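Take a look at the structure below.
Just so it is clear, the structure is predicted and the values come from calculations on it, not from any experiment.
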Amino acid sequence: MKRISWFTGTLCLVVVALCASVTAHERKEVAGLEVVFGAEPEPALNGEKQFLRWRFLKDKTPFGDIEEMSATVKRNGKTFGPFTGRMTPREPGVVSTQHIFTSVGEYEATLTFKKKGDATVHSVTFPFKIGDRKQLEIP
């Protein structure tokens, strides 16, 4: 019987982990675009620098013709922001905002934007969670 090499086994685990993280992101259709939302790094934790990211796809390819991006974050009925969204230079079609969340819990992120050459303002809202960093700390 043939043995699986260490490299092949590790590669399989990485592929499974990447597939799991991709499917964990929320997806919505807005203005003829697929919008994929997630936090980075994951898991999203309190007291750590977090990026909220919205990836825009049209026909499964990155869509970067987005402008006037603005995000708000809502928790327990209170709205924070607006925060200016920026296109990520190394990742076409990705808009991000940067935050440090101090409280654990349920949040909502809303991004408003325009497609270049279109005056219509679109918005998309996604729920997300901030976990407790202390649960990952080892004394």
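Note on F101 and F80: same hydrophobic cluster, where clusters join Ile, Leu, Val, Met, Phe, Trp and Tyr whose side-chain heavy atoms are under 4.5 Å apart, directly or indirectly. Criterion: ILVMFWY side-chain heavy atoms under 4.5 Å apart, direct or through other members. Under it, F128 and F51 are not part of a common hydrophobic cluster.
Here CD1 of I100 is found 7.0 Å from NZ of K49. Values are rounded to the nearest 0.5 Å. Between I130 atom CD1 and E48 atom CD the span is 10.5 Å, to the nearest 0.5 Å. Interatomic distance, NZ of K134 versus CG of L45, reported as 13.0 Å (0.5 Å rounding). Between W54 atom CH2 and M87 atom CE the span is 12.5 Å, to the nearest 0.5 Å. Interatomic distance, S103 OG to R75 CZ, rounded to the nearest 0.5 Å: 4.5 Å.
The side-chain hydrogen bond (donor to acceptor under 3.5 Å, both in side chains) search around D118 returns T120, not counting sequence neighbours.
In plain terms, the two heavy atoms of L57 and V36 that are nearest each other are CD1-CG2, 4.3 Å. Considering all non-hydrogen atoms of both residues, V30 and S123 come closest at CG1-O, 4.0 Å. A119 and K114 get closest at one heavy-atom pair: O-CE, 3.6 Å. R53 and T88 make their closest contact through NH1-OG1, 3.5 Å (heavy atoms, listed as atom of the first residue, atom of the second, distance). Taking all atoms of both residues into account, the shortest heavy-atom contact from P43 to L136 is CG-CD1, 4.2 Å. Of all the heavy atoms in P92 and P62, the pair that sits closest is O-CB, 3.3 Å.
Contact of the F63 side chain with the V35 side chain is not registered, since no non-hydrogen atoms from C-beta on lie closer than 4.5 Å. Residues E106 and P127 are not in side-chain contact: their nearest non-hydrogen atoms beyond the backbone lie 4.5 Å or more apart. Taking 4.5 Å as the limit, some side-chain heavy atom of H99 sits within range of a side-chain heavy atom of L52. Two residues are said to be in side-chain contact when any heavy atoms from C-beta on lie closer than 4.5 Å; V94 and F56 fail this criterion. M69 is not listed as a side-chain neighbour of T84, based on a closest heavy-atom distance of 4.5 Å or more.
Although no hydrogens or angles enter the test, the distance criterion places no donor-acceptor pair under 3.5 Å between the side chain of Q98 and the main chain of Q50. Not a single donor-acceptor pair under 3.5 Å links the side chain of N46 to the backbone N or O of V104. Counting only distance, with no hydrogens or angles, the side chain of K115 and the backbone of A31 share a donor-acceptor pair below 3.5 Å. In this structure a side-chain-to-backbone donor-acceptor pair under 3.5 Å is missing from T97 to F83.
Aromatic ring pairs are classed by plane angle as parallel below 30°, tilted from 30° to 60° and perpendicular above 60°; the pair H122 and F113 is tilted.
The salt bridge (charged side-chain N to carboxylate O under 4.0 Å, His left out) with E34 is formed by just one residue from the set K60, K58, R55; it is K60.
A cation-pi arrangement, defined by a distance under 6.0 Å to the six-membered ring centre and an angle within 45 degrees of its axis, is present between K28 and F126.
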